[in-house]
Structure formats: C-alpha cells, structure tokens
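Each remark here refers to the structure printed beneath this line.
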Protein chains: 2
Amino acid sequence: MAAQRGQRNGVGGDTPPAPTAAEVTTPIPRVAEVPAARERARAIPEAAVARLAVYLRVLSAMQEQGAGTVSSEELATAAGVNSAKLRKDLSYIGSYGTRGVGYEVAVLIEEIERILGLTRKHSVAVVGIGNLGHALANYGGFPGRGFPVSALFDVDPDLVGVPVGGLPVDHIDDISRVCAEREVSIGVIATPPPAAQTVCDRLVEAGVQCILNFAPVVLQVPDHVEVRKVDLAVELQVLSFHVARRADDAAATNGQQVNGMVVS
Amino acid sequence: MAAQRGQRNGVGGDTPPAPTAAEVTTPIPRVAEVPAARERARAIPEAAVARLAVYLRVLSAMQEQGAGTVSSEELATAAGVNSAKLRKDLSYIGSYGTRGVGYEVAVLIEEIERILGLTRKHSVAVVGIGNLGHALANYGGFPGRGFPVSALFDVDPDLVGVPVGGLPVDHIDDISRVCAEREVSIGVIATPPPAAQTVCDRLVEAGVQCILNFAPVVLQVPDHVEVRKVDLAVELQVLSFHVARRADDAAATNGQQVNGMVVS
DNA sequence: GGTTGTGAAACTCTTCACAGCG
DNA sequence: CGCTGTGAAGAGTTTCACAACC
C-alpha cells in the first residue's frame, strides 16, 4: 500500500509537476507514430491542462456576452497569460483556429470540454462535514455543472442523516457501498489531518481514483490514483515568504538594514 | 491599473510559474556575485518555497514525536518527494546538515521559518463571509499560528457586526481603514466572482500586498502585489482530465475503441 | 493586413551521481 | 561507511519569431 509519489498541489500556484507525466505513459516503447487521439491527450503537459480549465471559464463568460470569435491575444489577456503560451496550449488539443481571424468561441469550448472529460458527469463525494465540508457541500453541484456532489460522509453519528446542502450525510463506514451505488469518481477529503490517510485508503478501496485533498497531510496512494491537494497553510506561507522578500528588498533599496532589522 | 501577470495557482498541483521570478529580479544586468542573504532568498524557486512549507510541517510533527535528527531520506519520504529534491531544496537556504548524520530537526525548523518569514505575524483579512468565508474565519488563527485572522468583511449590512469565529464582521467600505489599523498583510478573497476584482482593488488600495484568491476569476493587480489562487473548478477539471485519460487508456489496453466511443 | 500554429531557443526545475566530509 | 551538498545532465515549460494561411 501507498506508493511514494508526488502530489500536485493545486492552490498556491506552483507547479510541482511530480514524477508523473512521461512515466505514467504506457511502458511500451511504442514504435513510432499512432498518436490516435488518446495518445495526443496524454501528451498534454499538466501545466497546460490546468490552464485549459481557465480558458474554458473565460470562454464561457465570453460566450454569454455574445462573442462569436476571439483572437489568441484577447483570450490570453482575459486569462492572464501571454498569447504565445495560449496558442501553444491550444495546439496540444488540435488546430481549431482560423489564421487571420481567430477562434470560434463555441468550437473552442466544445473541444476543451471534450479534452477535459467534461462531457461526462463526475459524481463527487465530500468526506468530513466540518466547516470546510459544509462550505463545499453547499456549493451544491460544484463549479458550473458537471460535478454534482452526490455523497457526504462523516464519522460523527450525530451528523448522519442530517441534510447538508440538501443531501443527507452518510456514515463513513458506508463509504464503500455508497460510493459504488452512486458511482462516485472524485473524492474530496475535508477531514482533520489525522483522519485523512484512513479516509483516503477507504476511498481508494471503494474504487475512487481521483482525490482532492484539503487536509494538510501528504497522502500515500497507489499509482493508479490521482491526488491533488489544496493546502491553505502552504499558500499562506508562500505569501509570507513574499512579504519577507519584499521587506528585505525595501530595506536594501531605500534605507539600509539595522542589524538585520528593517527600520520602519 | 492592473498589470497583466501570471497568477500562481495554488491548489491542483500545477506550476504555472508565471513570467515572474527572474523578471521580478532587479532589472540590473548584475555583474557577477553579491548574493547577500536577501539575494539568496530571492533565488529560491517558487516550487521549492512551497515544498519548504511542507517540510516544515513534517518536521514539526517529527519534533513533537521527539525526533532529534532526520536524514534527507526520512524527511523526503515523509514529505512525499525524493531525497535529491529535498536536499536541493534545503541547499537553497544554506548548509545545515551534517554529512554522515543528517539534519537537526530543531535547526531546520528554525531556518525554514526564518526563510518563510514566519518569525513575524501576518494578519489576515477575509473578504466575503459566505459559506467559504465562514469556514475560513472559523479556522480562527489559520494554520498553526502566525496567521491570525484579524478582520472580516462583507457587503451585506445584515452581517456587519455579527461575530463569526469570534470576530465581528466589518462593512467592506471600511476595508481601507480597518486594514490599516490592524496591519493586515494578507487578504483572502472569498466573494462571488463578480465582486472579486473590485474587492481586490480595494485591498490593494488599502495597502495589502499579498492576496489569496478563492474566486474563480483572474485578478488584475499591480506588479508589487502577489496573488495566489485556489481554484476548485480548475482542480476538479484537472482530475476530470485524468479520469478521462484513464478511461481512454483502459479502452485502448484491454478492449478496443468502437468508433471513438469507449465500450462500457 | 492579421492571426494562427509551431519549430527552436531559452529558461526553469528535477534527477542523477558522486565528491567531500564527518 | 553513511549522508550531505552540488555540478552537470535531463526533462519539462515558456518564450521567441516566423512561415503558413485566411
């Protein structure tokens, strides 16, 4: 149990690409060509995948405002990246633009959704109905459709049966059965740190292959399970680092340091 | 207003390193040396900074269990990275290990805290006291000390004055005054998407230089402001991508595709 | 003229592998 | 002998810049 692998940290903006990518690729040497759609998808860099999700959101907003086409420049600006990167990212999923014109918003939306697997519904289970769990459950049908929250779990017997965001909480011991019944494909861990690994093991046992982990714990999972984590402490500490760097810079630039202490 | 820059996404594990790093570094061609502590700090890769925060957490746990020293191998395993990466990361902050022995837990904790700027308190303001804002406010003094939540804001007049997590909510119009008074250094945006940019602008106006953004919006900020974002939709969609890839793989491996459709 | 798509260069981050030191 | 610290190689990502095309 518990293969030792990197865990992509979602928030915080770093890209701990982790030893995945190429490795995960089929162990077969693969003679030469045969990109075959599936192969092409596998070749998309993790970093680009995350950005595609952002483009998708921006495109949806544009579509709502009636936009028919966008140039890479416009879309890039709206998404906060430069246009070269955007075009490169889009090139990973195919050539859907028209030179001299731009991209059709509708086409791009469709293609990105297809690549991200959003044409299929992904049932989400939230484990740990504390403050955060409550908040997540109440998103009720997570970000923009496609991710219905269809199961809630907690250890606390007092919570079992209580509806949160319209869905009654189940006991964690039923996780395997319930996840199977409701075809949960994504598990969200919002438990206290000590419970996280156990919950994770149970989710994996229940057949869940993708986990979003909010607990400040490094989860050990088998190779076939994908984990992403959201770590508030890390986020804040990275920001803290930048505050510190800034303070140092300021001290170095205008004034000078006084025995290592910045004069205010 | 609103410089166009990348936004490090925290959660989700990608590293959209953004065009920062080297760029942000002093525009001076820099003749040769002069690392001068401050310079050294600036040279730490973003990705490494995020991992240092993880190491710190693991080290603290080890210290609680009475560990005096750790080897890079042990620490790396506990942190979910390989030992070479760990040693490289630690080398960015200095040489605090003993060859043949390992690292002193206490020393490492101290040094990492220093580099991350955790010796100083960073007051946090949470804006948007909805589901998520509530959850965040109730963390009460965020992750492991050092990040006291000292201000809460919302537009809803009915919420103003109501204590959440022991702290009364202030009206968003007072953001500038309150942030100044309480020396807020980190702003957390937990508002609905349409309000995020405005709130961000106000925070910046109030002098806040670091922002953690939970709203699914690409914020435009001046160069001197650091933004990290936590984007649930992106996280889920990246996981969805992996589910899809997995499904394709399975179809390719055991069965075969039927006109591009996976046979279930 | 305008804009895409993409090789190739540049850069950043990770991994290797081993010298150096306790 | 064991483990750290690190130069160098490798992998992944971003940026450049321009040919191809509408």
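Each chain gets a letter, A, B and so on, in the order its sequence line appears, and its residues count up from 1.
The interatomic distance linking A/K85 (NZ) with C/dA9 (C1') rounds to 17 Å, in whole Å. Note: CG (A/L86) to C1' (C/dT4) measures 11 Å, nearest angstrom. Rounding to whole angstrom units, CG of residue B/N82 and C1' of C/dC16 are separated by 10 Å. Straight-line distance from the CD1 atom of A/I44 to the P atom of D/dT13: 12 Å, rounded to whole Å. For the pair B/E46 CD and D/dG12 C1', the interatomic distance rounds to 17 Å; values are reported in whole Å. Distance CD1 (A/I93) to P (C/dT6): 12 Å, rounded to an integer number of Å. Here the P atom of nucleotide C/dT15 and the CG atom of B/L90 are 15 Å apart, to the nearest Å. Between the C1' atom of D/dG5 and the OH atom of B/Y96 lies a distance of 14 Å, rounded to the nearest Å.
Judged as a side chain to side chain donor-acceptor pair (under 3.5 Å), and not counting sequence neighbours, the contacts of A/S240 are B/H122. A/V107 pairs by the side-chain contact (heavy atoms from CB on, under 4.5 Å) definition with A/Y96, A/E104, A/E111, not counting sequence neighbours. Considering only residues two or more places apart in sequence or on other chains, A/A61 meets the side-chain contact (heavy atoms from CB on, under 4.5 Å) condition with none of them. In this structure B/E73 satisfies the side chain to side chain donor-acceptor pair (under 3.5 Å) test together with B/S83, sequence neighbours excluded. The side-chain contact (heavy atoms from CB on, under 4.5 Å) check on A/A196 picks up A/I189, A/T191, A/A215, A/V217, A/L219, with sequence neighbours excluded. Residues meeting the side chain to side chain donor-acceptor pair (under 3.5 Å) test with A/E74, sequence neighbours left out: A/S71. In this structure, B/E110 has no side-chain contact (heavy atoms from CB on, under 4.5 Å) partners at least two apart in sequence or on a different chain.
Counting only heavy atoms from C-beta outward, the side chains of A/Y55 and A/L108 never approach each other to under 4.5 Å. Taking the side chain as every heavy atom from C-beta outward, B/N213 and B/C200 never approach each other to under 4.5 Å.
Listed by first then second residue, pairs satisfying salt bridge (Lys or Arg N to Asp or Glu O under 4.0 Å) with a partner in residues 87-103 of chain A read A/R51-A/D89, not counting sequence neighbours. The salt bridge (Lys or Arg N to Asp or Glu O under 4.0 Å) analysis of residues 54-64 of chain B, with sequence neighbours excluded, yields the pairs A/D231-B/R57.
Taking five base pairs at each end of the helix from C/dG1-D/dC22 to C/dG22-D/dC1 and finding the rotation axis that steps the C1' atoms of four pairs onto the next four gives two axes whose angle is 0°, to the nearest 10°.
The residue among B/A84 and A/D89 whose nearest nucleotide of DNA chain D is located toward the 5' end is B/A84. Map B/E73 and B/K88 each onto its nearest nucleotide of DNA chain D; the residue landing nearer the 5' end is B/E73.
With D/dC22, C/dG22, C/dT14 as the choices, the nucleotide that has an atom nearest any side-chain atom of A/T98 turns out to be D/dC22. Minimum atom distance to the side chain of B/S71 is reached by D/dT4, of the listed D/dT4, D/dT14, C/dT14. Distances were taken from every side-chain heavy atom of B/S91 (C-beta onward) to each of D/dG5, C/dT14, D/dT4; the shortest belongs to D/dG5.
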Query raised in the report: Passes side chain to side chain contact (heavy atoms under 4.5 Å, CB included), A/V81 versus B/V218? Steps please.
Result: CA-CA 10 Å; A/V81 303; B/V218 180; over 6 Å; no
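If you check residues 101-110 of chain B against DNA chain D, the residues with a heavy atom closer than 4.0 Å are B/V101, B/G102, B/Y103, listed by number.
An OP1 or OP2 oxygen of C/dT4 is reached within less than 4.0 angstrom by a side-chain nitrogen or oxygen of A/S72. Taking side-chain N and O atoms only, A/R51 has a distance below 4.0 Å to OP1 or OP2 of D/dT14.
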Each nucleotide N or O in nucleotides 18-21 of chain D that has a protein N or O under 3.5 Å away: list the pair and distance.
residue : atom : partner : partner atom : Å
D/dA20  : N3   : A/R99   : NH1          : 2.8

